[in-house]
Structure formats: C-alpha cells, structure tokens
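For clarity, every value in this text was computed on a predicted model and none was experimentally measured. Throughout, residue positions are numbered sequentially from 1 according to the sequence presented.
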Amino acid sequence: MQKRALLPLALLALSTTVLAKPLTVCTDASPEGFDVVRYNSLTTTNATADVLFNRLLEYDAQQGKLVPSLAERWQVAADGLSITFTLRDKVAFHSTPWFKPTRTLNADDVVFSFQRMLDPNHPWFKTAPTGYPHAKSFQLDKLVKAVVKVDARTVRFELNQPDATLPATLSMGFASIYSAEYAAQLARSGNQEQLNTLPVGTGPYVFTSFVKDSVVRYGANPAYFAGKVPSERLSYAITPDSNVRVQKVKAGECQIAIGPKPQDLIGASGDSRLKIVSTPAFMTAFVAFNSQHKPFDDKRVRQAVNLAFDKASYLKAVFAGSATAAVNPFPPSTFGYNKAVKDYALDLPRAKKLLADAGLGNGFATTIWVRPTGSTLNPNPKAGAELLQADLARIGIRAEIKVIEWGELIKRGKAGEHDMLFMGWAGDNGDADNFLSPQFSCAAVQSGTNFARYCDPALDKLISDARRQASAKLRAANYARAQQLIKDQALWLPLAHPTAAAITGSQVSGYQVSPFGRVDFSKVVVK
C-alpha cells in the first residue's frame, strides 16, 4: 500500500488559509472612495467604516446602547463640557504593502482623526475636496473647542457647550479613527490622496483592491483586537440589479445579498437554499424639494405635491407591504416622535388651489431625479418616479424623470442641482438628531446633506437647543416642535420607513441585519 506524503506543518497551515471559505457579498453600488469622513452615503460607509475602521464607541443595536470599541471607557464631566476617553491597549493598525506601522494605536491617532476635520489650519483639512459633510452638518467645529492628548492612552474632548448627542455621534462611520503615522508618511511623500485609495484602519478586514463597478476585495486582519474573523477573504461583488444579486446567492457566487427588493423576499421565502434576515429599519425614504429652486421656494407648491401624491398606491407598488408610511423625518419608534403631526391626505382640488394661489394655475415644468438601481430605501426607482410623475400630471405639473448614476446623484444632489430628488436617510444610533441635524440644519445646507436646501433660524434653534439639553423632556419638546414645522413647511414628501433585509445562503450563520443599514461581517461563518 502506497504511503501518503505528509505536508510540513507550516505548509499545511498555509494550505488551510488558502482554502478557507471566502465570504462574498453582493452589494448594489460602488463606494465613492475609502476616506469615509469625506462622504455621507451608506454604500460608502459599509465599504469603509464597517470593515476597515473602528470608532471610539459603537452603538449596539441589539442592546440599544453605546458600547466600548477603541475606547475601553469614557467619562462625561459633571458640567457636560468635556468627555474623557481611555483607549484600549495594544490595538494594531493594518500592515499592508503600502504601510508598515511601527506602533499601536495611541492618542495621537484620535487627535489627528478629528483635528483634520475640525481645524481649518490643520495641514490635512484642505485635502478633502468636498469637505467633511457629517462634521459640518453636526457643527462639530463649533461644538468641539479642542481634542487634547492627555497621555498616550487618554484623550479629552473639550466642548464649548454641553451636547447630549455627542457620544452617540462618535459611533457614526465618519468618526472612524485613522493612523496619524500613516498620514505623516503620505504627507512626506506628497501622496495624501492615497488615504482615499489605499486605506489603513484597525478594523476586522484589511483593504486589498478595488475595481470600480466590479469588486472590492479585503483580507482578514490577523491582528484584530476583537479576534480574527472567520473568513480569510471578503469580497463585495458590485451587482446593481437586485434580482441578479439573489440569483448569485442561489448559485453560490455570493453568500449574502444586500438590499433585496420586496418581491425578492417573497420569492426567497420558500427556497430551501436561501434564508431571509430582516428587522425594522431606522430609515426614512423621501423626496426632497429644493427650496432654493423656484417654484419650490414657495411652501404652497411643496404642500400641493404632498396633497397630490397617492402614497398608499406608491407603498403597495414599490414596497409590496414591506414598509410603513412615513409622516415625520424619522420612524415612530424614535424618542421624541410627534404623534400629533398628521400626514397630508390625498386632495387634488386643494392641491390645484394652492398652485393657483401661488400663481401657477397652469402648472409648471420640473424634474424628478432618481437613481438607476434599487436599494432598501428605494426598491424600484423607476416605478416610484413614474408614479410621482403621473400624480403630478393630474394637477398640471409636468415632471421629467432624470435617472442619474448613484455616485453622481449624491455629488450633484449635495451641490443643490436638483428640483425634486428621491433620497433616503439612515440613522446610525437611534437618536432623532441623526436625522434633524444632517437633514434640516443650516450648517447641513453648506455641507450638502440638507437636500431640501432649507435654512430657517427657528428650526435651526430647535435642533441645536435639543442637542444641548440634558433633560429628556425638554429635548422631546424641541423635537416635537421641529417635526411640526417641517411638516407645515412641507420640506419633504415623506415616503416610507422600510424593513431592512438581506438574503443569505442556507450555509451562512452569524449575520444580523442592522436597523441602521450598516453591516458587520466579523462574525459571519460560511459552513
């Protein structure tokens, strides 16, 4: 009998690594880049912050509370004017062909990560061509007086006024912590843009390569502080068509399909090869009216569109019963939700009268901007836009539908080029301010995330005052008034609060859908 040759232990280990089951996720679009602080789309956050980076704190959706991450503990001062973070010890940055770290995470990295966003005199501040949308929207430059290194493992945020929302804000993707050592290396060589193309973080995966509109590849971080992930390799297979994503899961080409359409979920429910994972989403789909473009600078026109829209038919056609009608900017389960605000009822005569009162009795021509492919917040962009177009035609509004590639849509929408824009927003931590500051503050008009382009001192004060209040009762009162003002001004056509879902192969375990639309593949096992 022939003896089988035994592999040396080192070679056997290498063989096991090479043959380890990879995890391939079918996603809907390309990230805009990998320097997450420069962008605000969920697609980019999921391809960067959630796999490559960590924050000081994370929001645990299952527990409904903030938990330690890079900071093992934190303390808010009695006067609310400072927050001190103690960093976790021996956290390693990624070692890559383009960067070999000589030290572990320390306070210098935290100071760099925030000062580059907040200090106009910082050498990295102007390296972001489009600025820092989240930092600007949340007015962190006005809130944070200084980010101070106390010692190697201690950082203190000194504030100009108390802010009850800041710890939760620091769990958002844009608050990811970067390597100051890597940034210094790039600055010395004049290659600062590589921070956006060759990222380095502390997260569960290490960036490997990216081909736009095709694939993003990552490898497991062998030194991850929370423990090495089960899958040696992670790939994002960029697949715009939702149905194709599901077919790829069936064929074993992907193990997880992100953002399935409601019809896909119905079709998958009886297939033994597939599993559906879902949860109510902390998200709102909406159409934003550009209040800086005529005639949408007149609230009567915005109100008329709300009155002309058949929301029930829209929800049935586009979401197939998988979403609830939106009235306010955030879901009813959110602290501070104002149940007294009532939706605009379908009323064509009243809509026509409002247009006539605005001097537009014969209607007007406008545009509807929409993305080409479906997502959790807009499962069927074409159908939704056509339904709105038909409803507007009944009151004399002639709307041309413009289908614009996702990255371009975000860029031009933030620049305020649209008239009406199908958009969606996902909060990161369950707080109402996650919607109000980035979508309705005056600072967010400048940063671009306020797609209604509406700046009102009264609304702005309600939002900022709520953030400074330690009293939950007073915060809720401010939120209630803000929601009523937003409804009266008809800044949005609120559409839906969807269900967040994913379809996985039957061999996949450990994946949970986040109500915030974010992803965590660090515990996923492919059998």
Side-chain angles (χ1 to χ4, degrees), residues 284-319 323-329 341-371 377-378 380-404 409 413 416-425 435 439-440 445 450-456 459 483-497:
T284 306
F286 59 93
V287 175
F289 305 114
N290 188 339
S291 64
Q292 294 179 342
H293 280 195
K294 291 184 177 298
F296 294 110
D297 58 337
D298 189 324
K299 74 175 182 180
R300 293 170 295 187
V301 175
R302 303 191 297 263
Q303 291 170 343
V305 174
N306 271 272
L307 291 164
F309 186 62
D310 186 346
K311 190 176 295 186
S313 295
Y314 168 84
L315 290 172
K316 183 177 180 181
V318 174
F319 285 93
T324 58
V327 177
N328 285 321
V341 175
K342 303 302 179 185
D343 204 359
Y344 287 91
L346 184 62
D347 191 336
L348 295 181
R350 186 179 166 210
K352 290 179 180 178
K353 183 179 186 306
L354 283 171
L355 288 183
D357 291 346
L360 297 166
N362 294 322
F364 61 93
T366 189
T367 59
I368 299 170
W369 287 24
V370 70
R371 63 185 290 168
L377 283 156
N378 195 349
N380 195 331
K382 182 175 183 291
E386 289 175 347
L387 285 169
L388 177 58
Q389 181 187 50
D391 286 347
L392 295 182
R394 295 192 295 173
I395 59 172
I397 299 177
R398 303 172 297 283
E400 176 191 359
I401 297 172
K402 291 193 172 184
V403 180
I404 301 173
L409 184 78
E417 297 179 25
H418 59 285
D419 294 322
M420 288 185 287
L421 172 66
F422 272 85
M423 187 49 64
W425 194 258
F435 287 80
Q439 285 298 321
F440 300 103
V445 176
N450 182 337
F451 294 106
R453 313 290 297 175
Y454 184 81
C455 173
D456 174 65
L459 177 58
Q483 291 164 81
Q484 187 64 59
L485 194 157
I486 290 165
K487 188 262 182 177
D488 292 344
Q489 287 292 328
L491 302 179
W492 283 2
L493 169 56
L495 298 174
H497 303 302

Undergrad: Between CH2 of Trp369 and CG of Asn290, what distance do you get to the nearest 0.5 Å?
TA: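 So the CH2 of Trp369 and the CG of Asn290 are separated by 9.0 Å.
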Undergrad: In Å and rounded to the nearest 0.5 Å, what is the CD to CD distance from Gln303 to Gln489?
TA: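 Answer rounded to 0.5 Å: 7.5 Å.
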Undergrad: Within the 3.5 Å criterion, strictly below it, is a donor on Thr367 or Asp419 matched to an acceptor on the partner's side chain?
TA: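 Note: Thr367 and Asp419 side chains meet the donor-acceptor criterion.
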Undergrad: In plain terms, say whether Asp298 and Arg302 are close enough for a salt bridge, that is, a side-chain N and a carboxylate O under 4.0 Å apart.
TA: no
Undergrad: Between Leu421 and Phe286, is a side-chain contact (heavy atoms from CB on, under 4.5 Å) present by the stated rule, with each step listed?
TA: CA-CA 8 Å; Leu421 172 66; Phe286 59 93; over 6 Å; no
Undergrad: Please round to the nearest 0.5 Å and tell me the distance separating atom CG of Asn306 and atom CZ of Phe289.
TA: 5.0 Å
Undergrad: Step by step, would you call Leu307 with Leu346 a side-chain contact (heavy atoms from CB on, under 4.5 Å)?
TA: CA-CA 5 Å; Leu307 291 164; Leu346 184 62; over 6 Å; no
Undergrad: Aromatic ring centroids of Trp492 and Phe440 under 6.0 Å?
TA: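 Centroid distance Trp492-Phe440: below 6.0 Å, so yes.
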Undergrad: How about Gln439 and Asn450: does a side-chain donor come under 3.5 Å of a side-chain acceptor?
TA: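 There is no such pair (donor and acceptor under 3.5 Å, judged by atom type) between the side chains of Gln439 and Asn450.
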Undergrad: What's the shortest heavy-atom distance between Ala496 and Ala323, and which atoms?
TA: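 Nearest pair, atom of Ala496 first, then Ala323: CB-CB, 3.9 Å.
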Undergrad: Hydrogens and angles aside, do His497 and Thr284 bring a side-chain donor and acceptor to less than 3.5 Å of each other?
TA: yes
Undergrad: How far apart are the C-alpha atoms of Val287 and Leu388, what are their side-chain angles, what is the distance that settles it, and do they pass the side-chain contact (heavy atoms from CB on, under 4.5 Å) test?
TA: CA-CA 10 Å; Val287 175; Leu388 177 58; 4.3 Å; yes
Undergrad: Report the distance from atom CZ of Arg300 to atom CG of Asp357, rounding to the nearest 0.5 Å.
TA: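 One gets 6.0 Å once the value is rounded to the nearest 0.5 Å.
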Undergrad: Say you draw a straight line from CG of Asp297 to NE2 of His293; how long is it, rounded to the nearest 0.5 Å?
TA: 10.0 Å
Undergrad: Please assess Asp343 against Lys311 for the test side-chain contact (heavy atoms from CB on, under 4.5 Å), listing each intermediate value before the final yes or no.
TA: CA-CA 10 Å; Asp343 204 359; Lys311 190 176 295 186; 2.8 Å; yes
Undergrad: Quick one: is the NZ or CZ of Lys294 closer than 6.0 Å to the six-membered ring centre of Phe364, and within 45° of its axis?
TA: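 Not satisfied by the 6.0 Å and 45° rule.
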